[in-house]
Every structure is written in C-alpha cells, then in structure tokens.
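The structure appears right after this line, and notes come after that.
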There are 2 protein chains.
Amino acid sequence: MHWIIRLGKSEQRSYTSLNPKEIIVKQQLDYLDLLKSVSLFSDLKKAELLPVAQAAIEKCFHAGEFLIRQDEPAEYLFVVGSGNIKLTQLSSGGDQFLLCYVTSGEMFGSIAILQNAAYPVSAEALTYCQVLLLPGSVIRHLMSEIPQLAMGVIRHLAGRVQSLQRQLQELSAERVEQRVARALTRLASQVGLRTEQGILINVALSRQDLAEMTGTTLYTVSRILSGWEKRALIDAGRERVVIKKPHGIVAIAEDLPAPRSK
Amino acid sequence: MHWIIRLGKSEQRSYTSLNPKEIIVKQQLDYLDLLKSVSLFSDLKKAELLPVAQAAIEKCFHAGEFLIRQDEPAEYLFVVGSGNIKLTQLSSGGDQFLLCYVTSGEMFGSIAILQNAAYPVSAEALTYCQVLLLPGSVIRHLMSEIPQLAMGVIRHLAGRVQSLQRQLQELSAERVEQRVARALTRLASQVGLRTEQGILINVALSRQDLAEMTGTTLYTVSRILSGWEKRALIDAGRERVVIKKPHGIVAIAEDLPAPRSK
DNA sequence: AGCGATCTTTGCGCTATAGCAAACATGGTG
DNA sequence: CACCATGTTTGCTATAGCGCAAAGATCGCT
C-alpha cells in the first residue's frame, strides 16, 4: 500500500514541512488511486473522481474499534485502504450474524447514499485500518452529474443481492459441514494468503466467527474443523486456519461424492 | 384495476373500433398510471415516464407459465399490473427456494438494468397475470437523463439487500416454528385479505411453498400448522391459510413469552 | 517466566427436525 | 357424480446438531 499514513486529524497537514498546496495535491492523487481501485468507481475517469476525493475524509481505526454501529444514521460510505473489518448484524433476540469481511480495496455502507437511512450492520475493525469516509450526500448529488457512478452503485448492490440470495439458499438447503466449507472457500478467495503449507486465511478467525457466519455453534464448528484436521485437509489453530487441501474443502462445499484423498 | 385488458399481441390494436391514435394515447395513460404506482417510479413526473411507457411491452401469462427462467439473459424488468407471481431459485443441488411473492404494483427483474446479466431466479405465474415488460436498456439509458430514476433503482435494491440480510439472520438464528410464523405475517401484510374469519392469505399457498420459504420440509410445516389450528390461531385448508389470531402468530414470530390467548 | 484471559476441544445427553410410508382430504374434470 | 391428481396429515424412526461443563491450549502482558 503506497498510501501515505496520516493520523486522523486534518490539522496535521499544516505541521508538515512541505507547503500546504503540494500536500493537498499529493493527497488527492493518493486518494484517487485508492478510489479508482474500488469497483464502484472503476468506470469513472480520474478527473471525475476529483470531487469525490475532495470530499473524502481520511480516518484510522484501531483493532476492536467500531467504524459504524447498527441503527446509527448512515452518513458515510466507507472505502477501505488497509486493514480488515467485519460486518455483523444483531437481531432483536440478541443473536449476532457475521455477514462478511471487508478488506483493502473494498467498500461498505452504501446505504448512506439514501437519505435518512440507518446502517443495518455494525462494522468492527479487526486490525488497524485506514479508511476513506465518503459523505453519502456528495455521492448522491454527484450521481446526477455522472451517470456512470449511479451504474456503479447499482452494480454493487445488484451483486450484493445475488450473493445474499445464494447465501440464503445455501443456509436453507445445506448441512452445517457444507456451509462451513463454503465459508472457508469464500474466505480463502477473499483474504487467502498462499503459503508453503497451503492457503492461510489471513484474518483472525475464531470458531465463534465461523459459527456466526454459517448459522451454527462454535462447538459444531470445532468438531468439524477437528475432523478435517484429522483428515489432513486443514491445519487449524487458535483463530487461525490453513487450508492444506483446497480441493478437499471445495469437494465438501460442493457436496461432491468422492473426496478422492489419495 | 382500471387497466384495459388486452391480449398480448399488439396487432390487436388495429382490430378495435376506435381510431388507432386514440387507442395509443389511452394505452399510454393507463401504462403511466400503473408505472407511477410502482415505487421505482414514484419520484418521477408523468411526463418523464412517457418514454418508459412508450418502450413498455404489455404481456399476459396464464397460471403455471414462467415469466422468466433462471440463468436466461435478463432483458426486461417486469411490472405487475395484476395477478400473483412467485420467485424461486434453484440450487445446483436441485433444492428450490421460494424467495418471495410479487403482486400488483410491484416489480421484479431489476437485474435487467445491468448489461449482459442473467436472471438469478425464475418467476412463475400463480394466477392469470398482466405485466409490463420494460427493456433494461431503455431504463439504463434513461437513468443518465433522469437521476431520480437511478435513485429509485438504488432505493429498490437497497431495500432488497436489507430484507435479505434480515432473512438470512432469521434463518440462521430462529427455530422453524418462528420462521413459519414470520413468513405468514410477511404474506399477510403483502397479500392478506381481511375477512370475517380473519386474514386470508390470498395466494395458493401449499405446505411445500411455506417449507421452501422457510428452509424446512412440508412435513414439519404441516405439523406446525396443525398445532396452530388446534390452538385456534389459524384456519388451514388445501393451499389456503386464514390467520384467525394475528397477534398470536406475531407473538410466535417475535418469540414473545406469553401468547396471552385469553 | 508466570499468570490470567481468551479460545478450543470433547464427552455426554437431549431435542428439534428430517424423512419415509401410508392413510386421508380436497377440488377440478369429464 | 364419481374419479383422479394433487395436496395434507400423522405415526414412527433416525440423526444432525445444540449446548452444558470441564479440561486443555494458546497468547499477550508484566
């Protein structure tokens, strides 16, 4: 990440040795690179992104801090520059559901584009995070000038709808083991890190987290992972999973007949 | 519904006794009324809706016919003028999930706004249906001229995302009885018909349908409905449910302690 | 290095729900 | 009006997954 680290308060700009104008320009260029990498803005020219970058607020969060809390008024879209974040939803009954992880180059809080909306989820920083806050009102107004932007938002939301529908279907039709396998493959493709032992899921991932993702209990997840570890499919530790035989896990996720573990 | 019934083929227009121009104008006015009633277009002025109405294709379907099939290229948005439709999703494993019912004044197939997308669901007519087909390309191009339209689409999708997230949470955390109760209350508010005996769910609703909505089996649904019938909460018949004590069902859906059935 | 907090494992019993099979009900149709 | 297709009920059995409790592992901190 070639993005300049800067700690929250914008006043700090004036404390640097460079002259203010130069800093602002540099910052905007950096913002532009980050924004451009987000699929929401990929159709836009850099020039069109300038007003977005200008309205963006840079902010950092420490592990454990909440970026947004469920039911609070939704003012900002969040673009993640670095770090890992998890989105969770709390039900009235007090059960928590882990919707997804968000990591660099991704975005969340698109609900802020709508007026008077509230966040339907909470976002918790799992590591130190650098994010850009984009005021929903700015995006909203910009959309009328830049139709591509509106299309980007629509594409983003449509993708989310489809992935949620698929998840719903899976949750209703598949057994727990299959769902956990699916969650792992999803995580692998999103935050997986190729190592010698296999694919390391590169976020702190407790049994409880996996349970909240798949609608089960930490006990059941623990038993499943233990089983897989005995079959040498994975290597599991405290808040850590390494997939040693990806094809084996995929086989379970897709419910293929023979794992063919020769 | 004050919408003129006309059978599919546009050639029929010339067979009427009125002069063609008058008919076309009349038709567009009717289309405009229908479109205006759809939340997607509610922010638009009637004049702005004219191009949409002009591009709309009227079509009718008989009970049992499929309006769209999963994985087919998505060309049209559908606006329902009359009739009931169910949206289902088929998994690779062959399990069907019933996503939702769609009825007059509602809309589906918004994925068609995106280029080269495929429908993620199938839509089956449960009754005789009159629908308007709006070419996705037309909406797509109109969005750049009418920002309100883009906002409407975004609002629609955002609502869908939230409702799906809620459903996901419910499916993962709640027991079957609760989920069935929830499905019934949802249906009651959408297609419920107030009668003397209670709220009649005004669509053909088999045990199998309820099972596919809630991620369970028709056996379990049957047992649950039988139980509720014994407690005089509902009145169930072949593909028919009447909610006699709405508060009782809501109490189950919300998992309230005392049903208070005095 | 040792301690406490947190996470993980696993034995055990239990319940909710799946799923078959067979009888039963219902409504449309000729 | 009787038949048939289709939907529904219910007894029975099987089992996946829940959830407690207690022991064990791991990590960060001082």
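Sequence lines set the chain letters: A, B, ... in the order given, protein chains first and strands last, and positions in each chain run from 1. When reading the values below, keep in mind they use all heavy atoms of this one structure, side chains included, and skip hydrogens, waters and symmetry mates.
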Task: Residue pair B:T103 / B:N84, side-chain donor-acceptor N/O under 3.5 Å - done: yes
For residues 187-202 of chain B, run the donor-acceptor check on the side chains, cut-off 3.5 Å, and write out each pair with its distance to 0.1 Å, sequence neighbours left out.
from   : atom 1 : to     : atom 2 : distance (Å)
B:S189 : OG     : B:R186 : O      : 2.9
B:Q190 : NE2    : B:Y101 : O      : 2.7
B:Q190 : NE2    : B:E106 : OE1    : 3.0
B:Q190 : NE2    : B:E106 : OE2    : 3.3
B:T195 : OG1    : B:Q197 : N      : 3.3
B:T195 : OG1    : B:G198 : N      : 3.3
B:T195 : OG1    : B:G198 : O      : 2.7

TODO: Mark up nucleotides 25-30 of chain C, 5' to 3', with B wherever a protein heavy atom is under 4.0 angstrom from a base atom, S wherever such an atom reaches only the sugar-phosphate, and - elsewhere.
DONE: BBS---
Would you indicate whether the side-chain heavy atoms of [Y] and [X] approach each other to under 4.5 Å?
X	Y	value
A:W228	A:L184	yes
A:M107	A:L77	yes
B:L210	B:L98	no
A:K59	A:L133	yes

For [X] against [Y], the heavy-atom pair lying closest together:
X	Y	result
B:S104	B:S82	CB-CA, 4.1 Å
B:H62	B:Y128	ND1-CD1, 3.6 Å
A:A158	B:L157	N-CD1, 4.2 Å
B:F97	A:S172	CD1-OG, 3.2 Å

TODO: Specify the residues of residues 170-181 of chain B, ordered by number, for which at least one heavy atom lies under 4.0 angstrom from an atom of DNA chain C.
DONE: B:R175, B:V176
Task: Residues touching DNA chain C, which here means a heavy atom under 4.0 Å, drawn from residues 206-230 of chain A - done: A:S206, A:R207, A:Y219, A:S222, A:R223, A:S226
Open item on the list: If the condition is ring-ring contact (aromatic ring centres under 6.0 Å, His included), which residues does B:F78 pass it with, not counting sequence neighbours?
Closed with: B:F108
Task: For A:E254, salt bridge (charged side-chain N to carboxylate O under 4.0 Å, His left out) partners two or more places apart - done: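 A:R182.
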[X] side chain to [Y] backbone, donor-acceptor under 3.5 Å:
X	Y	answer
B:R160	A:V161	no
A:E229	A:A236	yes
A:T214	A:R179	no
B:R207	B:S222	no

Open item on the list: Using the side-chain contact (heavy atoms from CB on, under 4.5 Å) criterion, which residues pair with A:D95? Sequence neighbours excluded.
Closed with: A:S91, B:Q169, B:A173
Task: Residue list, side-chain contact (heavy atoms from CB on, under 4.5 Å) with A:Q208, at least two apart or on another chain - done: A:S206, A:E212, A:L218
Mind listing the N/O atom pairs, protein and nucleotides 28-30 of chain D, below 3.5 Å?
none

Which pairs, protein N/O on one side and nucleotides 1-3 of chain D N/O on the other, fall under 3.5 Å?
none

Open item on the list: Quick check for you: to the nearest 0.5 Å, what is the distance between A:T88 atom OG1 and A:M213 atom CE?
Closed with: 12.0 Å
Task: CD-CG distance between A:Q165 and B:L164, expressed to the nearest 0.5 angstrom - done: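 Going from the CD atom of A:Q165 to the CG atom of B:L164 covers 5.5 Å.
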Open item on the list: How bent is the helix from C:dA1-D:dT30 to C:dG30-D:dC1, measuring the angle between the end axes built from five pairs each, rounded to 10°?
Closed with: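 Answer rounded to 10°: the end axes differ by 40°.
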Open item on the list: Under 4.0 Å, heavy atom to any atom of DNA chain D: which of residues 86-95 of chain B qualify?
Closed with: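 Contacts with DNA chain D under 4.0 Å: none.
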